[in-house]
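Within every chain, numbering begins at 1; the chains are lettered A, B, ... in the order of the sequence lines, protein sequences first and strands thereafter.
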Amino acid sequence: MAEIQNKEIIKRDDNFADWYTSIVKKADLVDYTSTKGSMIIRPLGYAIWENIVNVLDSEFKKLGHENVQMPMFIPESLLNIEKEHVEGFAPEVAWVTHGGKEKLPERLCVRPTSETLFCEHYKKIIKSYRDLPILYNQWCTIVRWEKTTRPFLRSREILWQEGHTMHATSKEAMDETLRMLKVYEDFQKNYLALPVIVGEKTEKEKFAGADKTYTIEAMMYDGYALQNGTSHYFGDHFAKAFGIEFLDKDNKLKTPYQTSWGCTTRMIGAIIMTHGDDQGLVLPPKIAPTKVIIIPIGKISEENKAYLKAKELKEELLNAGITVKIDETDKTPGYKFAEAEVKGFPIRLEIGNRDLENNVVTLVRRDTREKITCKIDDITKEIPKLLDTIQDDMYNRALERRNSMLYEANSYEELSELSKKPGFVKINWCGNSECEDKIREEFGLKSRCIIEDEKADGKCPICNKDGKHKIYFGRQY
RNA sequence: CGAGAAGUAGCACAGCUUGGUAGUGCACCACGCUUGGGACGUGGGGGUCGCAGGUUCGAAUCCUGUCUUCUCGACCA
């Protein structure tokens, strides 16, 4: 094989961080700008995001959520209403201080999240139990002034979705919190092929102002965790702070209960870091903007039968509902193959005169790079099947790898030993923040989440008291 | 925000030590030839050397500051 010159990708196992950055650039997902942490999402990156938005948005709507658009600015006094919330966000808020040349009487924060805006609005529109529940969502960008930034994983301007709901009872709000957590979990498993772990955050790690925070934790190829979505139960904290009340059936004034839940473009980072390989991006078929890239062998000319057939097949696949592109550049096939792999198209369809003679095409799976000969007449039948297989195989490979990096430590010594390995370590935890802090200081691990469906069955490895929860610890992005 | 590294054409880099008219490969454009894993030939276009100051007759090169990117920490719904 000729030497790959300027599309070289750092080897994944040599330097995972560099590899990630090189994929993001080589696959043309983003470009940098002159402002730190503000990235341009290029067509391929944005098309992936659009697919994520389309699927999630329709899921939300099926459950009765309605989209709204809130302002981008929050007056300081409004942000300050809920104490824990403002303390949690103050360090990473960007402020607008001037309008034109004039200093503003009150500075405005660029929303880092919109709880306060929703609450201000809810106070106006909620009067009766008949107004509840309110199930609003918005797709927007938010700003958090992060000190260290990385494309998709941690940027200053973030594309996301934030759902904010109000309910008459605490139970209803808690059900909603868990219902949306499940939506995220299913989406990430079924569409993004990410074997995620769900559970509750500890007191220390929960959202500023929430009663309970539930999280979707994905494990990347290198064993690091990526928090890939959260769902919060607020109880009536915010509602009380904002004076939101409704008249219930029993003619009594009550405070409603609230949730919020969000996920971001960080999920694209998770796709890259879970599925990508030394050749480039590998996109799960269900979220890939273009499922099939057709590469005609030979000259791109009306005289080349392979090219003419390629155009026919493109139409045929489009009619069958399969998104497809045809590479009509005059590069050599090898160049096109490599380029198609960098960009992660799930299936590459090669067609040359040799194939035509036998009435077949060559299909190449991106995930395994396996070549498959397929009869031309069967492609609209075989390609959807192959896409499903790729999707399933990608999930199963990721699951297997993740499971191979899940450990359990039953003593301080075991924890000390396992903390050196990439992956998550499960322990029995006494529930005390001090032990959580110690694990962080001594081993560099942060709590990921409390495992919901597993009971503690031993001692906390730090203080040796009875465990209250099973909990995962790990390093994070 | 701390420590380290880097910024020269779209990309990867050389040139800097020892100051003297901006280079290479790939990519791009035209034509030709080719096409089953990153071809080839000929011709061509593209850079105020990240930005701002300073030293100097003269700065990509030396000095100061600053911005951005990367790595490792700290911080981080």
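Salt-bridge formation is detected for the pair A:Asp437/A:Lys204: a Lys NZ or Arg NE/NH1/NH2 atom is positioned less than 4.0 Å from an Asp or Glu carboxylate oxygen. Here A:Arg348 pairs with A:Glu341 in a salt bridge; the nearest charged N to carboxylate O distance falls below 4.0 Å.
Where A:Gln476 and A:Lys299 meet RNA chain B, the nucleotide closest to each residue was compared, and A:Lys299 sits on the side nearer the 5' end. With RNA chain B read from its 5' end, the first of the two nearest nucleotides for A:Ala17 and A:His232 is the one closest to A:Ala17.
Remark: C1' of B:C11 and CZ of A:Arg42 are 13 Å apart, rounded to the nearest angstrom. Between the C1' atom of B:U71 and the CH2 atom of A:Trp19 lies a distance of 17 Å, rounded to the nearest Å. At whole-Å resolution of the value, CZ in A:Phe152 and P in B:C70 are 13 Å apart. One can place CG of A:Asp278 at 20 Å from P of B:G37, the figure rounded to the nearest angstrom. Atom pair A:Asn15:CG and B:A6:P shows a separation of 17 Å (rounding to whole Å applied). Distance OH (A:Tyr335) to C1' (B:A39): 13 Å, rounded to an integer number of Å.
Side-chain atoms of A:Asp355 come within donor-acceptor range of the base of B:G36, with a qualifying N/O pair under 3.5 Å. A donor-acceptor contact under 3.5 Å is not formed by the side chain of A:Arg150 with the base of B:C70. The base of B:G37 is not paired with the side chain of A:Glu350 by any donor and acceptor separated by under 3.5 Å. With hydrogens and angles ignored, no donor-acceptor pair closer than 3.5 Å exists between the side chain of A:Thr332 and the base of B:G37. Under 3.5 Å, the side chain of A:Thr148 and the base of B:G73 form at least one donor-acceptor pair of N or O atoms.
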Decide salt bridge (Lys or Arg N to Asp or Glu O under 4.0 Å) for A:Arg156 and A:Glu146; before the verdict, give the C-alpha distance in whole Å, the side-chain angles of both, and the deciding distance to 0.1 Å.
CA-CA 6 Å; A:Arg156 286 186 174 168; A:Glu146 301 285 354; over 6 Å; no
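A cation-pi arrangement is absent between A:Arg154 and A:Tyr477, since the terminal nitrogen or guanidinium carbon is not both under 6.0 Å from the aromatic centre and inside a 45° cone about the axis.
Atoms CD1 and SG, on A:Ile427 and A:Cys435 in that order, are 8.0 Å from each other to the nearest 0.5 Å.
Taking every side-chain heavy atom of A:Glu339 into account, B:G38 is the closest of B:C70, B:G36, B:G38.
Remark: the separation of the C1' atoms in B:C26 and B:A39 is 13 Å, to the nearest Å. When the C1' atom is compared between B:C70 and B:C57, the two are found 40 Å apart, to the nearest whole Å. Taking atom C1' in both B:G47 and B:G7, one finds a spacing of 14 Å when rounded to whole Å.
Distances shorter than 4.0 Å separate none of the side-chain N or O atoms of A:Arg440 from OP1 or OP2 on B:G73. The side chain of A:Lys36 places an N or O atom within less than 4.0 Å of a non-bridging phosphate oxygen (OP1 or OP2) of B:U69.
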